[in-house]
2 protein chains.
Amino acid sequence: MASAKIQIFEQFAELARVLGHAHRLELIEYVSQGERSVERLAQLTGLSVANASQHLQQLRRGGFVQSRRDGKRVLYRLADGPILSLLSALRSYAERNRAEVGKIVSDYFHRLDELEPISRKELARRLKAGTAVVLDVRPEDEFALGHVPGALNIPMDKLKRRLAELPKDREIVAYCRGAYCVLSFEAVALLRKQGFLVRRLEDGLPEWKAAGHAMETSPPGQP
Amino acid sequence: MASAKIQIFEQFAELARVLGHAHRLELIEYVSQGERSVERLAQLTGLSVANASQHLQQLRRGGFVQSRRDGKRVLYRLADGPILSLLSALRSYAERNRAEVGKIVSDYFHRLDELEPISRKELARRLKAGTAVVLDVRPEDEFALGHVPGALNIPMDKLKRRLAELPKDREIVAYCRGAYCVLSFEAVALLRKQGFLVRRLEDGLPEWKAAGHAMETSPPGQP
DNA sequence: GAATCATTCAATCAATAAATTGAATGATGA
DNA sequence: TCATCATTCAATTTATTGATTGAATGATTC
């Protein structure tokens with residue numbers, strides 16, 4: 001029988017391998033927005049349903065997601081536990097030790113947003129003081145599943161046509177799915193060009209939620 | 001061309017895959033004790049030299065270890081950066097979400113040591129106050145490469161014959177390679193049976209070092 | 001510079017993982 | 001109960017990864 005230490009390492013390695021596939025990481029990102037059916041997740045990631053199902057089952061075996069049946073569909077959601085902090089450790093390791101990651105980040109993301117993002121803590125402070133204008137640029141269905149309290153929802157593809165809904169005299173805080181979600185970067189770039197004062201929230205909604213901040217699942221902050 | 005987000009996920013996945021093999025995790029554990037030649041690491045892990053070399057190269061590509069040539073041998077060492085915190089995120093995730101890990105830990109480790117380990121902070125405090133008696137149970141060569149200042153080195157296999165060197169009236173703090181290194185657990189079990197007051201240090205030497213605590217590389221704390 | 005030693009490389013075979021296909025399961029609603 | 005739909009399972013093909021072997025490289029010592 002293998003030693004206890006080797007057994008432990010085998011377990012760790014098994015978990016690391018589950019994270020060792022881009023499709024699964026992408027699935028985790030979508031699942032961490034809220035519950036989703038297999039079909040929806042397959043659509044979002046561009047995978048076949050059977051393939052998505054198999055990847056989701058691997059994630060479930062690894063304890064990263066949970067599932068429940070609702071009628072004829074099976075809904076997957078992020079499991080409890082320190083999953084996002086594991087992923088954020090992986091992220092900060094990658095950003096520091098892999099030149100490619102840094103390059104992609106600066107080429108595609110920071111080029112669109114040279115300003116520092118605002119921290120979750122700062123946003124929480126502003127929310128408490130009632131001075132925050134928060135913009136959620138994710139699609140309506142994701143917004144409905146949960147968002148920062150009082151946030152205004154204008155999906156990225158409709159932003160250009162709905163600029164009138166945003167104030168010009170106060171700083172807007174935009175966010176979307178996560179640290180590498182392009183939507184909020186694009187939103188910031190577009191709004192700045194239009195003369196708005198706007199900054200991104202560091203990370204995205206899952207991290208906001210995981211940090212224990214308040215959430216709202218009711219309909220959008222629109223009349 | 002794949003989207004920036006997918007490229008990022010590919011990078012993350014690649015890193016996770018490097019951690020996705022028990023042999024590589026074991027190699028990291030040994031390498032994090034100090035510089036080691038390929039041959040030595042192969043011995044320690046029971047791998048063939050060629051195989052160990054290949055795993056080490058994967059770890060190097062992933063940025064987890066670095067190497068330098070010294071005469072005819074190549075020495076590998078742990079790279080800088082948040083590697084241990086990534087591994088500790090993996091560890092705490094595994095302990096929480098995987099029943100098997102919890103079971104192995106309690107079966108093989110905690111059975112030997114039902115007392116809470118002492119924290120690094122507490123040990124640092126005692127060292128400063130000069131009230132600590134620290135016991136390093138790793139082999140001499142690992143001890144020579146670096147240890148907690150003032151620590152006494154009695155390798156596990158010689159502990160039984162050298163009990164006389166330890167005080168009976170003060171609490172001894174034992175440590176070894178890492179959180180799952182059996183040596184310190186066995187040391188604690190043995191010493192308790194002999195009537196010594198003894199507790200383990202949480203984690204092991206690499207974590208102590210990574211947390212920025214003082215190290216000593218000079219010869220053992222023995223005459 | 002020839003011999004020796006440690007490591008790496010290259011080629012091979014075995015094992016494992018991923019994607020695809022089509023059939024099976026389990027729930028719903030006519 | 002039968003038809004339908006979402007998901008999973010099972011079987012297959014393809015791709016990737018791991019281990020082994022023996023040769024090649026690079027550095028040392030005689």
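Here is the naming used below: chain letters follow the sequence lines, and residue numbers restart at 1 for every chain. Bear in mind the structure is a predicted one, so any value in this text is a computation, not a measurement.
Every residue meeting the salt bridge (Lys or Arg N to Asp or Glu O under 4.0 Å) condition with A:Lys5, not counting sequence neighbours, appears here in chain and number order: B:Glu26, B:Glu29.
Checked for salt-bridge contact, A:Arg61 and A:Glu14 miss the test: no charged N lies under 4.0 Å from a carboxylate O. A salt bridge between B:Arg91 and B:Asp203 is present, with a side-chain N of the basic residue lying under 4.0 Å from a carboxylate O of the acidic one. A salt bridge is defined here as a Lys NZ or Arg NE, NH1 or NH2 lying under 4.0 Å from an Asp or Glu carboxylate O, and A:Asp80 with B:Arg96 fails to meet this definition.
The cationic group of B:Arg200 lies under 6.0 Å from the six-membered ring centre of B:Phe185 and within 45° of the ring axis, placing it in a cation-pi geometry. A cation-pi geometry, defined here as NZ or CZ lying under 6.0 Å from the six-membered ring centre and within 45° of its normal, does not hold between B:Arg36 and B:Tyr30.
Here the C1' atom of nucleotide C:dT8 and the CZ atom of B:Arg61 are 12 Å apart, to the nearest Å. If you take CZ of B:Arg60 and C1' of C:dC9, they are 12 Å apart, rounded to a whole angstrom. Between the CD atom of B:Gln58 and the P atom of C:dT7 there is a distance of 18 Å, given to the nearest Å. Regarding A:Tyr76, its OH atom lies at a distance of 11 Å from the C1' atom of D:dA6, rounded to whole Å. Atom C1' of nucleotide D:dA6 and atom CZ of A:Arg36 are separated by 17 Å, given to the nearest angstrom. Remark: P of D:dA6 and CD of A:Gln43 are 11 Å apart, rounded to the nearest angstrom. Rounded to an integer number of Å, the gap from B:Leu75 CG to C:dA6 C1' is 11 Å. Straight-line distance from the CG atom of A:Leu27 to the P atom of D:dT7: 13 Å, rounded to whole Å.
Between its opening and closing five pairs, the helix from C:dG1-D:dC30 to C:dA30-D:dT1 changes axis direction by 20°, a value rounded to 10 degrees.
Residues B:Phe12 and A:Tyr180 place their aromatic rings such that the two centres sit under 6.0 Å apart.
A sub-4.0 Å separation between OP1 or OP2 of D:dT7 and a side-chain N or O of A:Ser53 is absent. Phosphate contact (OP1/OP2 of D:dG18, side-chain N/O of B:Arg24, threshold under 4.0 Å): present.
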Per-nucleotide protein contact along nucleotides 19-30 of chain D, 5' to 3', at a 4.0 Å heavy-atom cut-off (B base, S sugar-phosphate only, - neither), is BBB-----SS--
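Each of B:Arg69, B:Arg68, B:Arg40 was checked for a salt bridge (Lys or Arg N to Asp or Glu O under 4.0 Å) with B:Glu35, and the lone residue meeting it is B:Arg68.
Using bins of under 30°, 30° to 60° and over 60° for the plane-to-plane angle, the ring pair A:His213/A:Trp208 lands in the parallel bin.
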